[in-house]
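Only one structure is covered here, and it is reproduced in the block below.
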Amino acid sequence: MSDLLAYLIAGLLLIQAGLRAKSAVRGHRRDRSLWGAFVAFAAAWLSRTSAGYAVLDSLGLPDLAYFVKHVLSIIGICVILRYVTAVYRTAGPDGERSRAVRLSAVVHRVATRASAATVLVMAVIFFFLLGKPDTSTPYFIARYHDGAAVAVYMGLFYLYAGVAATVCAVQWGGAVKDAPFRSLRIGLRMMSTAMVITTVYSVLRIAFLLVVTFSRVSNGTEHTQEMVTDTLLYLCFLLWGLGAIAPATHAARERYHALRSLVELSPLWRQLALRFPDAVRYRPSTLFTRVTAKAARLDAARDLFFSPDPSLPARLDRFAMDVRDVVFLLRRHAPHDLAERAFARAENDLRPQHATDVQAEALWIRAALSTVDEPVPESTGTSAPYPFDPGATPREEVTHLRNLASAYRLTTASDALNLLTRQPTGHS
């Protein structure tokens, strides 16, 4: 059962590392630090398993798996501690720092030195002072019960883990109220709770270490202590791993909505961009269309999934901006009363799935596109009116453009021709 939990936790941590691998490779310092912490902790948990112990024990050094597990844990703690304190070391609009944050900033400065010193002392004790282990028990402290060296060795480890966990608990707990979205608040609460559990774990282990150093305990007491503290350790890492994943659900949801909006907006964007390729930031793909017109969907998919934008939300912002830029150019070609005609036509031919203004805007764009090849009107010297509200915020604009693209798909070249040849009736 312990092996199964260890593999489960290691897998959870490796999933987190995989999700952050791209950012780590790109050189983002904070993401690289967090990635390193997940990898170190995952490796530490794998070294706890029977297979990990067997592999390390085959190297010929007794109990090497225990030492590797402890060192990897300290490395993971050091990296996560530096990450946390770097993120939260300042607070307030003017850089004012609370007492807790100032304390964490001090810990941030000494974390690496403390980690190196702790590992060095533990290494000296492990390789030169522990002696021969008692292989009749699987518990590390019991394997070296007759010496004070193990008390110093494990005491340093638990003390380091407890202090670091306390700092992380304070930081993550204090950041909850300022978290901008719900899933991040949930994740921070879970990770803060995990660190509180780790602190309790460290205190209990130190207390037990003091007891067994100066007295004997029964095998039943020792077994119960190991079960209780191991349970706390499992719970801590499960909470921390799930808490670290929780904020990613917000990003995943944002990417999903962005992709959905892109799919709906793409046909309108592509048609406008093909007519005005110099007005958009990145020209629409025509790689496959040049071979056969039937491959237009492949080019559309290429624009959706293989454009140089850094993210889907950034691509969506670009599509929206490109649509607005092309509409601005279309106003130079459109008849001055085109909007009036479009409103009149939309009112007379109302389609229940779209509002009148959205239908009118879609008709305006369809008709304006059909006039691009004609000479620019010179009667007024001004652009045609465009009295359509795109929305007050970027989110509202995306929603509006999705509705516009849906309405545009229902328009035809015949609608454009009728709009340009008939006079408006009834719109005021």
Side-chain angles (χ1 to χ4, degrees), residues 19-31 178-184 247-287 289 296-332 334 354-355 357-362 364-366 368-369 372 383 386-409 411:
L19 292 174
R20 288 164 172 80
K22 187 175 180 180
S23 296
V25 170
R26 288 180 174 178
H28 297 177
R29 184 175 180 181
R30 290 178 179 177
D31 290 317
D178 298 320
F181 47 89
R182 183 169 177 267
S183 60
L184 179 57
T249 61
H250 175 80
R253 187 166 57 251
E254 290 294 314
R255 285 193 290 270
Y256 167 75
H257 288 304
L259 179 59
R260 185 178 175 184
S261 298
L262 280 167
V263 170
E264 295 182 8
L265 184 56
S266 176
L268 174 61
W269 171 84
R270 184 168 175 81
Q271 188 160 355
L272 295 176
L274 286 171
R275 296 303 298 271
F276 291 89
D278 293 331
V280 298
R281 184 172 182 183
Y282 299 115
R283 292 188 171 215
S285 173
T286 57
L287 177 64
T289 312
R297 290 186 179 182
L298 293 176
D299 281 321
R302 189 165 179 250
D303 289 328
L304 272 177
F305 300 107
F306 300 100
S307 73
D309 301 287
S311 65
L312 289 174
R315 193 168 309 151
L316 181 59
D317 290 341
R318 175 171 65 84
F319 273 30
M321 185 179 299
D322 288 345
V323 169
R324 291 304 171 196
D325 288 345
V326 172
V327 166
F328 178 79
L329 295 178
L330 283 175
R331 293 175 61 190
R332 298 175 53 197
H354 296 112
D357 57 339
V358 174
Q359 291 186 57
E361 188 173 5
W364 188 99
I365 292 176
R366 175 71 74 176
L369 275 174
V372 169
S383 297
Y386 193 76
F388 305 104
D389 183 13
T393 65
R395 186 177 294 273
E396 290 179 0
E397 182 181 24
V398 168
T399 301
H400 173 76
L401 289 176
R402 287 174 59 178
N403 293 332
L404 175 61
S406 177
Y408 182 83
R409 284 195 294 271
T411 65

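Heads up: numbering here begins at 1 and tracks the sequence.
- Rounding to the nearest 0.5 Å gives a distance of 4.5 Å between OH of Tyr408 and CG of Leu369.
- Legend: residues meeting ring pair (Phe, Tyr, Trp, His ring centres under 6.0 Å) with Phe328, ordered by chain and number and at least two apart, are absent.
- Residues Pro308 and Tyr282 have side chains in contact (heavy-atom distance under 4.5 Å, counting atoms from C-beta outward).
- Note that OG1 of Thr286 is 6.0 Å distant from CG of Asp299, once rounded to the nearest 0.5 Å.
- Of all heavy-atom pairs between Leu259 and Leu312, the closest is CB-CD1, 4.0 Å.
- Atom CD of Glu396 and atom CG of Asp389 lie 8.0 Å apart (nearest 0.5 Å).
- Once rounded to the nearest 0.5 Å, the distance linking NE2 of His257 with OG1 of Thr399 reads 10.5 Å.
- Considering every non-hydrogen atom in both Val398 and Ser261, the closest pair reads CG1-OG, 3.7 Å.
- Legend: residues meeting salt bridge (Lys or Arg N to Asp or Glu O under 4.0 Å) with Asp357, ordered by chain and number and at least two apart, are absent.
- Under the side-chain hydrogen bond (donor to acceptor under 3.5 Å, both in side chains) criterion, Glu254 pairs with no residue, sequence neighbours left out.
- For Arg409, the side-chain contact (heavy atoms from CB on, under 4.5 Å) partners two or more places apart in sequence, or in a different chain, are Pro267, Ala405, Ser406.
- Evaluation of the side-chain contact (heavy atoms from CB on, under 4.5 Å) rule for Pro284 yields Trp269, Arg270, Ala273, Leu274, Val280, Asp303 as partners, not counting sequence neighbours.
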**Request:** Mind running side chain to side chain contact (heavy atoms under 4.5 Å, CB included) on Ile365 and Tyr386 for me, showing each step along the way?
**Result:** CA-CA 10 Å; Ile365 292 176; Tyr386 193 76; 3.9 Å; yes

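- Heavy-atom contacts from other residues, nucleotides or ligands closer than 6.0 Å to CZ of Arg395 number 12 or fewer.
- The closest side-chain heavy-atom distance from Leu272 to Leu330 is below 4.5 Å.
- A pairwise comparison of heavy atoms in Leu265 and Val323 identifies CD1-CG2, 4.4 Å as the closest pair.
- Taking Ser311 as the reference, Pro313, Ala314 meet the side-chain contact (heavy atoms from CB on, under 4.5 Å) condition, with sequence neighbours excluded.
- Contacts of Phe276 classified as ring pair (Phe, Tyr, Trp, His ring centres under 6.0 Å), with partners at least two apart in sequence or in another chain: none.
- Partners of Arg182 under the side-chain hydrogen bond (donor to acceptor under 3.5 Å, both in side chains) rule, at least two apart in sequence or in another chain, do not exist in this structure.
- A donor-acceptor contact shorter than 3.5 Å links the side chain of Arg366 to the backbone of Thr411.
- Here Arg260 pairs with Tyr256, Glu264, Arg402 under the side-chain contact (heavy atoms from CB on, under 4.5 Å) rule; sequence neighbours left out.
- Legend: residues meeting salt bridge (Lys or Arg N to Asp or Glu O under 4.0 Å) with Arg281, ordered by chain and number and at least two apart, are absent.
- Evaluation of the salt bridge (Lys or Arg N to Asp or Glu O under 4.0 Å) rule for Asp309 yields Arg315, Arg318 as partners, not counting sequence neighbours.
- Separating the OG atom in Ser266 from the CG atom in Leu304 is a distance of 4.0 Å, to the nearest 0.5 Å.
- To the nearest 0.5 Å, the span separating CE on Met321 from CG on Leu401 amounts to 12.0 Å.
- When every heavy atom of Ala407 is checked against every heavy atom of Val358, the shortest pair comes out as CB-CG1, 3.8 Å.
- Contacts of Asp278 classified as side-chain hydrogen bond (donor to acceptor under 3.5 Å, both in side chains), with partners at least two apart in sequence or in another chain: Arg283.
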